[in-house]
**Student:** 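Quick one: the structure is below, and I'll ask about it shortly.
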Amino acid sequence: MKYVEEFRDRTIAQGLARAIADQSDPREAYQFMEFCGGHTHAIFRYGLEDLLPANVRMIHGPGCPVCVLPASRIDMAIELANRPEVTLCIYGDLMRVPGSQGQSLLRAKSLGADIRMVYSTLDAIRIAEQAPNREVVFFAIGFETTAPATAVMIRIAARKRLKGLSLFCNHVLTPPAMHSILDSVDMRDVGPHEIGGFIGPAHVSTIIGTQPYELLVEEFGRPIVIAGFEPLDMMQAILMLVRQVNDGRHEVENQYSRAVTRAGNRRAREEVSDIFDVRDQFEWRGLGVVPNSGLMLKKAYAHFDAEARFAMHEVRIADNPACDCGAILRGAKKPVECELFGDACTPRTPIGSCMVSSEGACAAYWRYGRHRDYQVRAS
Amino acid sequence: MRVNKPTLDIENGCVDLSHGSGGRDMAQLISGLFHRAFGNEWLARCNDQAAFDVGAGRMVMTTDAYVVSPLFFPGGNIGSLAVHGTINDVAMAGARPQYLSASFIIEEGFRLLDLKSIADSMGEAARGAGVYIITGDTKVVERGKADGLFISTTGIGFLADGLDLSAEKARAGDRVLVSGSLGDHGVAIMSRRQNLAFQTQIMSDSAALHDLVAVMVRAGGSGIRVMRDPTRGGLAATLNEIAHQSRLGFRLQENAIPVKLEVAAACELLGLDPLHLANEGKLVAIVAPDVAEAVLVAMKAHRLGYDAVDIGEAIADDHHFVQIATRVGGARIADWLSGEQLPRIC
Ligand code: SF4
């Protein structure tokens with residue numbers, strides 16, 4: 001644990017806080033988006049906003065794979081799970097995500113659907129081996145970080161000729177989503193929410209490296225710092241962003257050099273590119289249809305594709321109009337600015353997906369940060 | 001020599017429906033396994049109830065059902081847990097627990113050897129705590145209708161005159177004491193879950209706390225306002241409960257909150273918060289500031305409280321937030337858990 005404690009040291013944190021305060025120009029507003037929900041979680045869990053000067057603000061981005069999953073994909077999974085021959089394997093996070101009619105996989109399970117919570121793709125293999133007469137479907141979700149494990153599952157399933165196993169693939173890619181955020185019209189219009197730079201997730205970059213972001217900084221002229229998830233990692237990354245803004249630079253910098261390189265993990269990338277192709281387009285909650293932002297099985301593995309095997313159809317469904325998830329995922333609004341926040345929508349009664357996963361911006365704010373708002377309102 | 005059905009074959013046998021039928025097999029199970037493990041004068045009389053003497057003062061009664069997965073974990077099993085947990089619920093009133101009842105719902109096919117070791121550790125836990133299991137019940141249900149074994153225990157204890165611990169007694173300025181490191185039980189349980197198995201030296205902290213409570217009461221008297229054992233939902237749930245009942249808030253120092261390195265590491269790995277993890281041998285006490293030091297000293301002198309610390313204070317707060325000053329110098333709240341952190345920790 002020592003290596004973790006070191007990254008939570010109070011004296012160093014305060015030193016970094018002072019450096020950020022010293023180096024930020026009081027006449028400037030610095031607004032940075034942390035793309036990843038893990039970062040959002042850390043900001044609230046350690047109360048990092050308290051360490052930042054008033055003119056340095058964090059905007060909470062979309063980066064929770066559960067948050068960006070459109071309700072229609074949940075509807076599809078529920079429909080799948082309700083087939084008598086299907087055993088659906090999912091990560092626990094997905095259980096409570098509301099579908100378009102407010103239903104969830106948790107509810108489907110309580111009504112009798114065979115849904116199993118798993119902790120790794122290998123669990124799905126084991127379940128498929130133990131039940132050769134069932135159709136075992138793995139609900140794959142996540143960014144570049146979890147895709148290699150799914151690829152390995154398919155490779156093992158192919159080798160073992162597991163006929164009953166298939167994949168409901170919802171893997172998405174980070175750089176195209178960042179591109180879409182920077183490119184969105186609201187982004188250019190919503191002056192006060194303009195994003196001056198990004199904190200990029202270290203775990204994604206351990207796989208893909210820092211290189212895929214180089215085109216982005218070029219095209220949009222915004223700095224990106226790849227950072228780890230400990231409080232000191234984030235403070236340091238914020239300082240690096242402040243310096244880039246001050247210097248008028250826009251580069252990809254790597255705060256997490258202890259595990260991230262420019263090229264990433266070649267083996268993991270190959271594992272993924274052996275099994276998957278990039279989808280032409282994939283729908284993200286809040287961002288809409290984003291080109292080249294999802295993964296799908298290569299032709300050679302198409303027989304593992306649950307969407308084809310069960311002739312599943314995606315129906316695009318509009319989100320609850322009162323839910324501001326979309327604006328929150330793009331950083332155009334803060335959680336408290338949603339009308340439903342804290343009243344109709346809480347982690348116990350989530351309406352939008354930002355409230356479901358503990359990494360979602362609304363849930364993190366509710367769970368760790370809402371005292372701020374009350375104190376502000378009270379004073 | 002007997003040629004008909006032998007007595008309980010504990011080594012190789014399983015519980016079957018006949019063990020719950022009320023007939024001879026059931027009698028054999030009860031006397032050969034439970035009575036032997038719990039052995040005391042009340043059970044020996046083999047009645048459907050137990051008559052017992054009551055002490056002076058007020059009586060305290062509590063009941064709890066134990067549904068744990070897995071049934072055996074490092075540092076204990078469902079049996080010792082069912083004894084300690086109920087003793088502690090009685091003890092948190094400041095009372096001295098004395099009698100327990102135990103009711104078993106057993107799934108057909110459950111191994112007698114496992115049942116014996118569970119009953120044995122219940123007997124041991126009760127004897128170790130000076131408490132008697134004086135009545136009980138056994139039901140056997142068909143395979144698939146229970147998850148191996150469920151145990152319910154009811155506890156009765158006696159409270160000295162003048163003591164009345166209750167959440168609404170807490171006042172702003174009161175200190176918050178905890179008796180030791182948090183989350184040990186939760187991590188011990190999780191380390192044995194199928195799917196999740198990971199290597200850890202952490203053992204459940206399952207223990208009977210009434211001795212520690214007695215020592216604290218002697219040191220702090222009526223300055224002790226509230227005591228709770230932070231079981232399911234952990235410290236965060238317990239303090240949120242007290243905050244709502246007392247209409248106060250709390251402000252804690254993250255640095256002061258004791259969590260073992262291994263527990264913290266497991267939490268990192270699994271994305272859990274130690275403040276939400278279950279404990280089975282720890283208590284939280286809200287005490288008046290003028291007795292806090294004396295109570296803390298008394299706790300530290302006890303084997304179950306030697307790691308006791310003062311982690312913060314009760315404050316006036318209309319929102320009843322449990323606030324934490326984080327180790328890096330920010331602030332956050334510790335909320336209730338929404339839904340389950342992971343299914344069925346205890
Ligand atoms: S508070 Fe709920 S409804 Fe509003 S944006 Fe957040 S998740 Fe969506």
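Residue numbering restarts at 1 for every chain, and letters A, B, ... go by the order of the sequence lines.
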**Student:** At what distance, to the nearest 0.5 angstrom, does CZ of A:Arg10 lie from CD of B:Glu254?
**Tutor:** 10.0 Å
**Student:** Taking non-hydrogen atoms and a cut-off under 4.5 angstrom, which of residues 43-53 of chain A neighbour chain B?
**Tutor:** A:Phe44, A:Arg45, A:Tyr46, A:Gly47, A:Leu48, A:Asp50, A:Leu51
**Student:** Please find the pair of heavy atoms, one from B:Ile333 and one from A:Gly369, that lie closest to each other, and give the distance.
**Tutor:** CG1-N, 4.2 Å
**Student:** Please examine the side chains of B:Asp335 and A:Tyr368, heavy atoms only from C-beta on, and report whether any two atoms are closer than 4.5 Å.
**Tutor:** no
**Student:** Relative to chain A, which of B:Ala334, B:Ala325, B:Gly249, B:Gly329 shows the most heavy atom pairs under 4.5 Å?
**Tutor:** B:Gly329
**Student:** Could you tell me whether B:Arg327 and A:Asp9 make a salt bridge, using a distance below 4.0 angstrom between a side-chain N and a carboxylate O?
**Tutor:** no
**Student:** Can you tell me if CD on B:Gln201 sees more than 12 non-hydrogen neighbours from other groups inside 6.0 Å?
**Tutor:** no
**Student:** So, using side-chain contact (heavy atoms from CB on, under 4.5 Å) as the criterion, who are the partners of A:Cys89 when residues are at least two apart?
**Tutor:** A:Val118, A:Ala124, A:Ile127, A:Val136, A:Phe138
**Student:** If you measure from CG on B:Asp317 to NE2 on A:His371, what distance do you get to the nearest 0.5 Å?
**Tutor:** 10.0 Å
**Student:** Would you say A:Arg107 has more than 12 foreign heavy atoms packed within less than 6.0 Å of its CZ?
**Tutor:** no
**Student:** Should we say atom CG of A:Asp22 is surrounded by more than 12 heavy atoms from elsewhere, each under 6.0 Å from it?
**Tutor:** yes
**Student:** Give, for atom CZ of A:Arg370 and atom NE2 of B:His319, the distance between the pair rounded to the nearest 0.5 Å.
**Tutor:** 10.0 Å
